[in-house]
Amino acid sequence: MRIVDIIEKKRDGNSLTEEEINFFVEGYTKGDVPDYQASALAMAIYFQDMDEREKAAITKAMMYSGDTIDLSEIEGIKVDKHSTGGVGDTTTLILAPLVASVGVPVAKMSGRGLGHTGGTVDKMEAVPGFHVEIEKQQFVDLVNNNGLAVMGQSENLTPADKKLYSLRDVTGTVNSIPLIASSIMSKKLAAGADSIVLDVKTGSGAFMKSLEDSKALAEAMVHIGKELGRQTTAVISDMNQPLGYMVGNALEVKEAAYTLRGDGPTDLTELCLTLGSHMVVLAEKAKTTDEARKMLEDAIKSGAAMEKFEQFLDAQGGDSSVIRDLNRLPVAEHTIEVTASKDGYVSEIVADEIGTAAMMLGAGRATKDSEIDLAVGIELKKKIGDAVKKGEPLAIMHANNKDINNVSERIIDAFKISSEAVESPTLVYDTFS
Ligand code: URA
Ligand code: CA
């Protein structure tokens with residue numbers, strides 16, 4: 001078999017066999033296939049797409065390109081959740097203790113990764129002492145005893161995806177449905193989940209800007225899950241503005257705590273209840289999403305969700321008392337308002353731009369080795385549909401550096417202000433399973 005023949009076959013719009021896909025993925029992982037051939041194939045896939053069988057095959061090949069995690073020692077149905085990338089997306093931090101508090105085992109492998117703000121692990125490290133460097137056996141025991149644990153990701157999970165994703169990033173081939181779907185699903189499957197709930201973002205701040213493309217991505221992932229024997233539900237949710245009000249690490253921990261105790265932002269709370277309900281149903285702890293939702297609402301009201309959060313932080317070395325006394329989380333030195341330049345209604349808050357602004361303040365990593373400042377970030381004061389007067393604050397920057405003029409300009413540009421009244425956007429557009 002020769003890679004050049006595989007490239008030409010895909011270039012001409014034909015379907016690749018499982019053998020051909022395996023030959024490419026294995027060869028690329030080992031370093032036998034050079035980047036230039038892999039990028040030519042990625043571009044051919046970008047233009048010619050893949051059929052359902054090919055998508056399942058490339059997912060499986062990438063899933064088995066490195067370690068796979070065996071969670072069978074953990075009792076019950078393990079349901080994992082994944083978001084296709086949002087800004088200020090605090091849902092994992094909330095959902096993990098929330099669903100665990102109603103009996104869904106949460107065994108999460110989490111990475112740090114690049115991004116506008118840190119990953120879930122970075123955010124949790126805003127709680128003093130909390131750490132994810134635990135052994136596999138301790139991880140299993142914690143989930144069996146407490147219902148919830150988070151462990152740092154193994155270095156060798158889906159190396160094929162790691163390589164291919166970095167290559168796509170610099171060759172204009174990120175935005176391809178078969179490549180995104182297989183990339184995400186290979187990681188979830190390798191991490192050992194029995195069932196998966198996907199939050200597919202749509203809108204200006206998402207990979208998929210149109211609802212149609214978002215639906216196609218959701219359907220592709222649900223189908224891959226089915227082919228590979230894991231039940232998968234995908235929810236399409238709005239990313240025409242950041243979720244909630246906080247974008248930053250300690251800021252999002254604060255927002256997660258508010259939400260778990262029942263006074264979180266409406267959109268964030270609603271999305272967590274929606275995604276959480278599907279997780280509870282997939283874990284077979286409720287028959288319908290209505291029943292599941294009621295269980296989750298009760299767990300918030302009774303304080304069980306908050307208690308689960310504290311128990312989880314304590315079990316992994318964290319000082320959970322900060323969750324009751326949120327002023328003890330890291331705080332930035334300066335808070336600076338960004339104000340509106342005219343009267344009107346907020347019609348859009350370009351999430352990517354807010355994310356980039358947060359990263360410029362130091363909330364995220366520009367490169368793998370950058371240090372994150374847990375205290376900094378952006379607090380939105382207005383959301384889509386809100387009326388605003390000239391001079392009123394749109395957002396507050398939490399900064400440790402005074403040189404932030406370029407950051408405030410970005411935030412102002414991110415806020416689109418219309419002279420006519422605007423409705424707040426739909427939060428959940430569709431569900432596939
Ligand atoms: N997230 C991933 O993990 N992979 C992609 O290709 C896109 C988003
Ligand atoms: Ca948020």
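Note that ligands are numbered from 1 as they come in the structure, with each ligand's atoms numbered from 1 the same way. Everything quoted here is computed from the prediction, not taken from an experiment.
Of the protein's heavy atoms, Tyr165 OH, 3.4 Å lies nearest to atom 1 (N) of ligand 1.
Here's the thing with Thr84: none of its N/O atoms is less than 3.5 angstrom from an N/O atom of ligand 1. At least one N or O atom of Lys187 sits closer than 3.5 Å to an N or O atom of ligand 1. Between His82 and ligand 1, a contact under 3.5 Å exists for no N or O pair.
The cationic atom of Lys381 (NZ for Lys, CZ for Arg) does not lie both less than 6.0 Å from the six-membered ring centre of Tyr245 and within 45° of the ring axis. In this structure, Lys201 forms no cation-pi arrangement with Phe207, as its terminal cationic atom is not both closer than 6.0 Å to the ring centre and no more than 45° off the ring axis.
Shown here are the side chain to side chain contact (heavy atoms under 4.5 Å, CB included) partners of Met124, two or more places apart in sequence or in another chain: Leu93, Thr120, Phe130, Val150, Phe312. Residues that satisfy the side chain to side chain donor-acceptor pair (under 3.5 Å) test with Asn405, not counting sequence neighbours, are absent from this structure.
Residue Ser183 has at least one heavy-atom neighbour below 4.0 Å for each of these atoms of ligand 1: 2 (C), 3 (O), 4 (N), 5 (C), 6 (O).
To the nearest 0.5 angstrom, Ser370 atom OG is 7.0 Å from Arg365 atom CZ.
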